[in-house]
Amino acid sequence: MQLFLMFCSSIILIYLGWGVFYQLIFSIAGRFWVEVELPPIGAYRKMVVLIPAYKEDKVILQVAKAALAHDYPKEQFEVLVIADSLQADTLKELQKLPLRLVFVDFDQSTKSKAINAALNQIPPHEFDVVVILDADNTMAPGFLHHINGHFELGHRIVQGCRAAKNENTPIAILDGLSESVNNHILGKGPIVLGLSARLAGSGMAFDETLFRSVMPKIDAIGGFDKALELRLTGKGERIMYAPQAIILDEKVSKPEHFSQQRSRWIAAQFYYAKRSFPDALKALFVHGMIDYFNKAAQMLLPPRLITPGVLFLFTLFWFLNGNANMGFSFAIILFFNIISFLLALPNYTWRQPYINALFQLPIIFLYALKSIGNTGKAHRQFIHTPHGESE
């Protein structure tokens, strides 16, 4: 029995250790980030801001009004709300606003279906850039200006910096810190190393022609951003990260919603890992497509919020069972895991109320573990994360 436990523990140690050192490399690289200097404005590209809204009656009116009031030249951008299962009163109020409204109705709603339906109602080349927001997102001042500046530099895909809109509960605070870590490790880190940044699902901007060429092939139930990452890097495209283009995103306030959201993310991640990794491995050796392979490898990473908890439990288990070698092995990987987080966390983490929120990490770990049990459901159907709780 002892040998069997050691064998299983060794497999877990190798898997988690690989994930920790992968994260550590990009966390260190992110520390060498140099801000991109944007050129003088040559032209204001015409942009369409797509906002899929599935049962988002609590927030969509406020978000739409904020988008319409954005500080980009009014004649150069348009807001388009994709109305899916919204209430009649909400639709009536939306119709009063100077925006384009697209109505959709699906047996099984997904973000990719909604976006494709909207693209089908927009004439090709009417816009230069397609911007994707979530129905809880607010563009910070200058967001579209920064996007325009990066397109001026020749980038065709730009991911903005998602930041927390709310800090009303410890869960929301921790979710916001997790977003900051993602921005550092999966945004800044890859760019420093000459690779593509992540796509975060919102706050994204695409060359219109390029976006039209890939979206019809995206039929994801969840994780359409991951499907896009793989599709685009598989075509040799590079995804830029723009930390000054800030998009405010509502963070989940309740543990059960946190668990639902992570179930969707984990299910999508491993689904696309299974689909893409063999092809990416072949592309690496045959065509030298390092960027595409890196994206596929990312899909195999262990969930970041679960890893330190599992490492701690195995460290404790083996020390209590008198196996110092195994205990130290897990402890060393845990140490480097903590270092990778410390390098990626923003400086304000060590002020209140963030310090108090960090004491909720054991609870977050338990809900993250719970999310793994729901990944089967998340793969079969879209799990909607409620918004508007921070109001």
Side-chain angles (χ1 to χ4, degrees), residues 15 18-19 22-23 25-26 29 50 52 110-116 119 130-132 134 155-160 162 179 182-183 185-242 261-304 375 378-380 382-383:
Y15 175 56
W18 166 75
Y22 180 98
Q23 176 175 305
I25 289 168
F26 285 93
L50 297 185
T110 67
K111 196 170 183 177
S112 53
K113 285 181 183 178
I115 292 171
N116 278 316
L119 290 176
V130 178
V131 177
I132 307 295
D134 280 342
H155 300 129
R156 305 214 302 165
I157 313 159
V158 181
Q159 172 63 58
R162 299 208 327 170
E179 189 78 75
N182 279 334
N183 288 335
I185 294 175
L186 301 178
K188 293 180 177 179
I191 297 297
V192 170
L193 295 176
L195 300 169
S196 283
R198 68 163 179 162
L199 287 177
S202 70
M204 311 178 294
F206 304 88
D207 173 85
E208 188 263 359
T209 303
L210 174 63
F211 194 58
R212 282 187 183 277
S213 72
V214 297
M215 268 310 296
K217 302 178 181 69
I218 305 296
D219 58 354
I221 295 175
F224 102 104
D225 49 334
K226 292 178 172 56
L228 265 176
E229 280 185 350
L230 292 163
R231 180 73 63 174
L232 290 165
T233 54
K235 288 168 62 72
E237 298 287 343
R238 186 165 180 248
I239 304 165
M240 185 59 187
Y241 174 58
Q261 184 186 70
R262 263 50 185 188
S263 293
R264 187 174 76 241
W265 292 358
I266 294 170
Q269 176 183 326
F270 288 109
Y271 172 73
Y272 287 109
K274 181 180 177 181
R275 283 187 58 176
S276 65
F277 191 78
D279 181 63
L281 189 63
K282 178 182 176 182
L284 174 67
F285 288 110
V286 176
H287 303 292
M289 299 181 69
I290 298 173
D291 201 20
Y292 178 39
F293 176 76
N294 178 59
K295 281 298 168 195
Q298 277 183 10
M299 304 298 164
L300 290 168
L301 288 172
R304 189 177 298 116
T375 53
H379 174 63
R380 294 189 303 272
F382 176 70
I383 299 177

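For the single chain, residues carry numbers from 1 onward in sequence order.
- Between Leu300 atom CG and Ser276 atom OG the span is 7.5 Å, to the nearest 0.5 Å.
- Put simply, the side chain of Val130 does not reach to within 4.5 Å of the side chain of Arg212, judged on heavy atoms.
- Pro278 and Ala273 get closest at one heavy-atom pair: CD-O, 4.3 Å.
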Query raised in the report: side chain to side chain contact (heavy atoms under 4.5 Å, CB included) between Ile239 and Glu229: does it pass, once the steps are laid out?
Result: CA-CA 8 Å; Ile239 304 165; Glu229 280 185 350; 4.1 Å; yes
| field | Intermediate values then yes/no, side chain to side chain contact (heavy atoms under 4.5 Å, CB included), Asn182 and Arg304 | value | CA-CA 10 Å; Asn182 279 334; Arg304 189 177 298 116; 2.3 Å; yes
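- Note that the NZ atom of Lys282 and the OH atom of Tyr292 stand 10.5 Å from one another [nearest 0.5 Å].
- Residues Glu237 and Leu210 have side chains in contact (heavy-atom distance under 4.5 Å, counting atoms from C-beta outward).
- For the pair Leu284/Met289, no side-chain contact is recorded, criterion being any heavy-atom separation below 4.5 Å from C-beta on.
- Checked against the 6.0 Å centroid threshold, Tyr272 and Phe277 do not count as a close aromatic pair.
- By the 30° and 60° cut-offs, the orientation of the rings of Trp18 relative to Tyr22 is tilted.
- For the residue pair Ala200 and Arg162, the shortest heavy atom distance occurs at O-NH1, 3.6 Å.
- The side-chain heavy atoms of Met204 and Val158, taken from C-beta on, include no pair separated by under 4.5 Å.
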For this session: Any chance you could lay out the side chain to side chain contact (heavy atoms under 4.5 Å, CB included) test for Phe26 and Asn294, step after step, and finish with the verdict?
Result: CA-CA 12 Å; Phe26 285 93; Asn294 178 59; 3.7 Å; yes
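- Within the 3.5 Å criterion, the main-chain N or O of Met215 finds a donor-acceptor partner in the side chain of Asn116.
- Nearest heavy atoms, Lys295 versus Ala197: NZ-O, 2.9 Å.
- Contact annotation: the side chain of Phe211 never approaches that of Asp207 to less than 4.5 Å [non-hydrogen atoms, C-beta and beyond].
- Between Arg198 and Glu179 there is a salt bridge, with a side-chain nitrogen of the basic residue lying less than 4.0 Å from a carboxylate oxygen of the acidic one.
- Residues Phe206 and Val131 have side chains not in contact (no heavy-atom distance under 4.5 Å, counting atoms from C-beta outward).
- Of all heavy-atom pairs spanning Ile132 and Lys111, the tightest one is CG2-CE, 4.3 Å.
- Across all non-hydrogen atoms, the minimal contact from Tyr15 to Leu301 is OH-C, 3.5 Å.
- A 4.5 Å side-chain heavy-atom check between Leu186 and Gln298 finds at least one atom pair inside the cut-off.
- No side-chain donor-acceptor contact under 3.5 Å links Thr233 and Asp291.
- Every residue two or more places apart in sequence or in another chain was checked for a ring-ring contact (aromatic ring centres under 6.0 Å, His included) with Phe224, and none qualifies.
- Within 6.0 Å of CD1 on Ile290 lie no more than 12 heavy atoms contributed by other residues, nucleotides or ligands.
- To the nearest 0.5 angstrom, Asp219 atom CG is 6.5 Å from Ser112 atom OG.
- If you take CG on Leu199 and CD on Gln159, they are separated by 5.5 Å, rounding to the nearest 0.5 Å.
- Between the side chain of Gln269 and the backbone N or O of Met299, at least one donor-acceptor pair lies under 3.5 Å.
- Using a 4.5 Å heavy-atom threshold, the side chains of Leu232 and Arg156 count as separate.
- In terms of heavy-atom proximity, Pro52 sits nearest to Ala114 at CB-CB, 4.4 Å.
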